[in-house]
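Residue numbers begin at 1 in each chain, while the letters A, B, ... track the order of the sequences. The analysis underlying the following values was restricted to heavy atoms, covering all of them including side chains, and did not include hydrogens, waters or symmetry mates.
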Amino acid sequence: MRTFEFTNRLRITLLVGIAIGLICLGLTWFSASDDGFHSRFWSNVLHNSAFFTMISALAAFFLAASVTAWAGWYTVFKRVWESMGLFLLFGLIMMGLIGLSVYMGWNELYHWNDATSVENDQILDGKKGFLNKGWYFFGTLVIVGAWYFFATRFRALSLQEEREGNGNDFQLHRRLRFFAAAYLPVFGFTMCAMVWLWIMSVDAHWYSTLFAWYTGASAFVSMICLTILILNYLRNRGYYQNVTTEHMHDLGKLLFAFSIFWTYLWFSQYMLIWYANVGEETGYFHTRINEYPILFYGNLIINFLVPFFVLMRNDTKRKMGSLTFVAAIVLLGHWVDYFQMIKPGVAHTAHEIAVQEAGGHHGAETKQLGAHDHGHDAHGHDKGSHDHGNDSHGHDAHGHDGHGHGHGSFNVGFSIPGFLEIGTFLGYLSLFLFFVFTSLSRSSLTSEHDPFIEESLHHHV
Amino acid sequence: MSSYISPIREPLVTGNKTYHQITEDLASPTEKAPGRAWIIGFILAISMLAFGLFCIAWTVWHGIGTWNLNRTIGWGWDITNFVWWIGIGHAGTLISAILLLFRQKWRTGVNRAAEAMTIFAVICAALFPGIHVGRAWVVFYFFPYPNTRGPLWPNFNSPLLWDLFAISTYFTVSLLFWYTGLVPDFATVRDRAKGFRKKIYNFLSFGWTGSAKHWQRWESLSLVLAGIATPLVLSVHTIVSFDFATSVIPGWHTTIFPPYFVAGAIFSGFAMVLTLMIVTRKVLNLQDYITFAHIESMNKVILVTGTIVGVAYLTELFIAWYSGYVYEQFAFFNRALGPYWWSYFGMMFCNVISPQFFWFKKIRRSLFWTFLLSIVINIGMWFERFVIIATTLARDYLPSSWSYYSPTWVEMGIFIGTLGLFFTFFLIFTRVAPVVAIAEVKSILKSAGDQYTGPNAHAHGHGHSHDHSHAVDAGNDLSHNDDANSSTGTILTMEDDLKKLEGIGPKIEKTLKSAGIKTFQQLMGSEIANLQTILDEGDGNFTGNSPESWPQQAKLAFEGKWDELKDLQDRLDGGKY
């Protein structure tokens, strides 16, 4: 079967998934656990949008890297990466919408986007040149737009190659290589800027030079997981019979190797900050270890121990059961990784701003407060009443630096993903798959005129 | 490894080589008297080494005060050179381990020399920690043994200790890897040698006989070592970067250091491989084994790693501003615009700007430009370490202790000495061992030799029964032959590999064979309509396949007209006209 038929049944299943996602987002907006800024809602949107945007950008990136490196093995299923890359269109829309919401001030996702805080905070004030709503909105549009442009070029040239053949001089493939090579530095430089802006700046005071690469590695591993899952689904449906165990084995190796690489980056970032123990930096991990221990340790267990021990053997990479199991777990694991990158910062910002609105200009000096408020509709509360039911712990995190992170309490949706988060994830995943399957159904599954097609068809490790 | 080679790929062994010629070309340099260029080079290298040894003796005799280190500048050229040499070593491990795992065939042309370079570079590097402590006779403080000297003279206890382990592990594994690769080649040299030379190589080759069992074990060992060496590529320079990044010195303490040091190390390592190999291939006439395709690939690695390093430089610079941490901001202001501005801009130009020339194919494939830029990059990567170490230490927190560091003749002399040591080793290496791995080049000949792939491919079986390979389909065992008189011709009537025809895969072949069509001869006489019926009734969905060209293809295959068949297949579209 050379072309993929996007059956109605699958379509409906995915539409139901999207509907679940929308319902969960709606429920989040109206749920009692959300605060007055709808921090849970907005951070869920940001979390999933950034996660899937990065996945599709890295699919395009890895395709480009493979083309540039004259790799041959992946050619039979390169349509999958092309299609995943095209999802950047949705990345553009979703991140553009978040940019718009930041620009219009619809939410309090970012501490630096609150004029009063910036005024009273020398650090935030110093970052205005980079952390400002105009750059966030327009920078995101231009840069993700540029990524999308490259993804469409890869696809268009590949389809043209399919229609017209490649001839003896491989003219189309050479043009593809031109665009692929150009995308590598463009993405390499701009990806860092986007990650700092979208994700690192939710902890607006904190900084780490390694952060962008760490985030990129996380998205790369997720991209490989999704590739394995999609290919395996299609193979079970009778498509992609030319994608053999050898190809899956290589994807398994990539999953294994880059899970270790991700851990290497995790360790480098963590160990250096722990060892030097500079107050400006340790706050980030201090918060996560003390107030989000499930996320902090879970992240490492799922994303390192599982792939490392399961995929270390040769056969587990060649058996579809173990491979898809690990791919599914690790995909979820990296989704949790993004969750733990974003949620603590957002919760902290909401808290800071709530306190500020309730009690005047505190800026970063919240450690004066004895108790805290997780911001269950913090408007209208004054300084004295930070004791909502489940949420009346003191600040054990405060005191080690000037920007206390006042969220010692356990809160579903922040401390761990709740059902609403899982539902939102399902929605985004369904949207992603809907898009990828639509795109896959529009052309043959295997490009027959790629110069490396024979190598890929006879790939053997 | 895939036996199908894309027609777009360039050959990696040129000159229409046979196995014997490869042996001749690669083993002969070890058998001849050295030429004049070698002798001049060797005298030069030995002299540099001698001067270096003199400077080391001077340091030990007079003490570390002969260096220009002072209050805040505890590290100067010594650790700069140390990091630089360690970095250069990285290309060898990357080529031998990671490129092996990635099945990059071009590694075979340069892996031997690059691995040798790794070992020599690590030896040069290991010298510096030994002498930079000042009292070389208490260098055993490095080792973690129970301290008997009380709190005043503690053992090493920091990332510097990790360094000791990282580097000794690295050295050991690299040496094993290199030597494992050398064993079959030493055996080749042994088999050609006579007298005392034979005895030496006999000893060195560990009784290698070339039996299947030897090869099998050799290949497993190579893979195991590649698996061990791959994390080492990352770990060694990561731990070197920890020497800096675990501190709280502004400009040193930054989380991106580990991966960025690794990228920089690979970058400088490849530059050094190119510097050496461009000269070596010329002097030893290895142009057929280290081709422009090899040089271009290495230049691409340089472009990639140079740009990664560029991203890291800009990240550091940006985050220093972004952090709002004034000491960090000052450290970078000082690097770029302080008294050492020349080294910062030298670093930026050499490491980030200069590799960008490799975007142009003409420059990637130009020996002159490659050689020039490889030297520029070597200098740039030395500057990088100098920028990190000297400029940071020269101006610390306390302005009253600010100073300006410049090396004494002793420090420069030791650096020159390590260059001498490196080149002395390398020159000896080119005399005693094949500079290009004979066995490994032979292993890719059938898939990457220019007679099998690329524009001049013509060979596809010359009547040798083991030599049935051509560009589309190298190395599978054919049951038919273009030479009907050859011994293998008798099998002709049994069964043919129908998959050799475009449009026929394993499933269709099975279907056809179960329908009684087992040979090209039978297939060429079949009606297209009949074939279509067989497909339609066959077990599987072959709606996308059309048998229209099969009889014509089968006829060419039966007549052994492989060139014509290949031309036809190039025109065909999945077996369709």
Checked A/S208, A/A257, A/A212 vs chain B; the most non-hydrogen pairs under 4.5 Å come from A/S208

Which word best sums up how the rings of A/F220 and A/F258 line up, parallel for under 30°, tilted for 30 to 60°, or perpendicular for over 60°? tilted

The interface call for A/A65 against chain B, heavy-atom contacts under 4.5 Å, is neither

So, the part of A/F170 with a heavy atom under 4.5 Å from chain B: the answer is side chain

So, the part of B/V262 with a heavy atom under 4.5 Å from chain A: the answer is side chain

Practice problem: Show the numbers, then the answer: is there a ring pair (Phe, Tyr, Trp, His ring centres under 6.0 Å) between A/W262 and A/F304? | Solution: CA-CA 8 Å; A/W262 172 88; A/F304 174 59; 8.1 Å; no

The interface call for A/L124 against chain B, heavy-atom contacts under 4.5 Å, is neither

Bottom line for B/L303: the part with an atom under 4.5 Å from chain A's heavy atoms is neither

Exercise. Given ring pair (Phe, Tyr, Trp, His ring centres under 6.0 Å), test A/Y239 with A/F4 step by step and report yes or no.
Key: CA-CA 7 Å; A/Y239 303 102; A/F4 171 67; 5.0 Å; yes

Bottom line for B/S247: the part with an atom under 4.5 Å from chain A's heavy atoms is backbone

Crowding at CD, A/Q122 (>12 non-hydrogen neighbours, <6.0 Å): no

Most heavy-atom pairs under 4.5 Å with chain B, out of A/Y270, A/F211, A/Y264, belong to A/Y264

Highest number of heavy-atom pairs under 4.5 Å with chain A among B/T230, B/T246, B/V248 belongs to B/T246

* Aromatic plane relationship, A/F130 with A/W135 - under 30° parallel, 30 to 60° tilted, over 60° perpendicular -> tilted

Bottom line for A/D250: the part with an atom under 4.5 Å from chain B's heavy atoms is side chain

Okay, A/W213 and chain B: the region with an atom under 4.5 Å from a heavy atom over there is side chain

When the 4.5 angstrom heavy-atom criterion is applied to B/Y325 and chain A, the contacting part is side chain

Applying a strict 4.5 Å limit to non-hydrogen atoms, the region of A/E448 in contact with chain B is side chain

Discussion item. With no hydrogens and no angle check, just 3.5 Å: does a side-chain donor-acceptor pair link B/H294 and B/S297?
Written reply: no

Honestly, the part of A/Y214 sitting under 4.5 Å from a heavy atom of chain B is neither

If one checks every heavy atom of A/E281 against chain B at 4.5 Å, the contacting part turns out to be side chain

ring-ring contact (aromatic ring centres under 6.0 Å, His included) test vs B/Y313 passes for just one of B/F267, B/F332, B/Y260, namely B/Y260

Interface check, chain A: of B/H253, B/E316, B/Q104, most non-hydrogen pairs under 4.5 Å belong to B/H253

Side-chain contact test, heavy atoms from C-beta onward, threshold under 4.5 Å: evaluate it for A/H173 versus A/H449 and give yes or no.
-> no

Cut-off 4.5 Å, heavy atoms of chain A, and the answer for B/L101 is neither

Pair count under 4.5 Å, heavy atoms only, with chain A: among B/T254, B/V304, B/D570, B/V301, highest is B/T254

* Evaluate the ring pair (Phe, Tyr, Trp, His ring centres under 6.0 Å) criterion for residues B/F318 and A/W196: first the C-alpha distance (whole Å), next the side-chain angles of each, then the deciding distance (0.1 Å), finally the verdict. => CA-CA 11 Å; B/F318 172 79; A/W196 296 330; 4.7 Å; yes

When the 4.5 angstrom heavy-atom criterion is applied to A/W274 and chain B, the contacting part is neither

Highest number of heavy-atom pairs under 4.5 Å with chain A among B/W321, B/W359, B/F257 belongs to B/W321

Between A/R79 and A/E162, the two heavy atoms sitting closest are NH2-OE1, 3.4 Å

Honestly, the part of A/L184 sitting under 4.5 Å from a heavy atom of chain B is neither

- Message: If you take the centroid of each ring, where Trp contributes its six-membered ring, are B/Y327 and B/Y397 closer together than 6.0 Å?
- Response: yes

Notebook entry, point to check: Between B/F330 and B/F333, how do the two ring planes meet: parallel, tilted or perpendicular, split at 30° and 60°?
Noted result: tilted

Looking only at A/T68, A/V278, A/T209, A/L131, most heavy-atom pairs under 4.5 Å shared with chain B are made by A/T209

- Query: In terms of heavy-atom contacts, does CZ of A/R174 have more than 12 from other residues, nucleotides or ligands at under 6.0 Å?
  - Reply: yes

Turns out that what part of A/F267 lies under 4.5 Å from chain B's heavy atoms comes down to side chain

Applying a strict 4.5 Å limit to non-hydrogen atoms, the region of A/T75 in contact with chain B is neither

For A/Y136 and A/W112, take the angle between the two ring planes, folded into 0 to 90°, and tell me which bin it lands in: parallel under 30, tilted 30 to 60, perpendicular over 60.
tilted

Heaviest contributor of heavy-atom pairs below 4.5 Å to chain A, chosen from B/S241, B/P259, B/G324, B/A320, is B/P259

(Q) Please tell me whether A/D203 and A/H111 have a donor and an acceptor in their side chains that are separated by less than 3.5 angstrom. (A) no

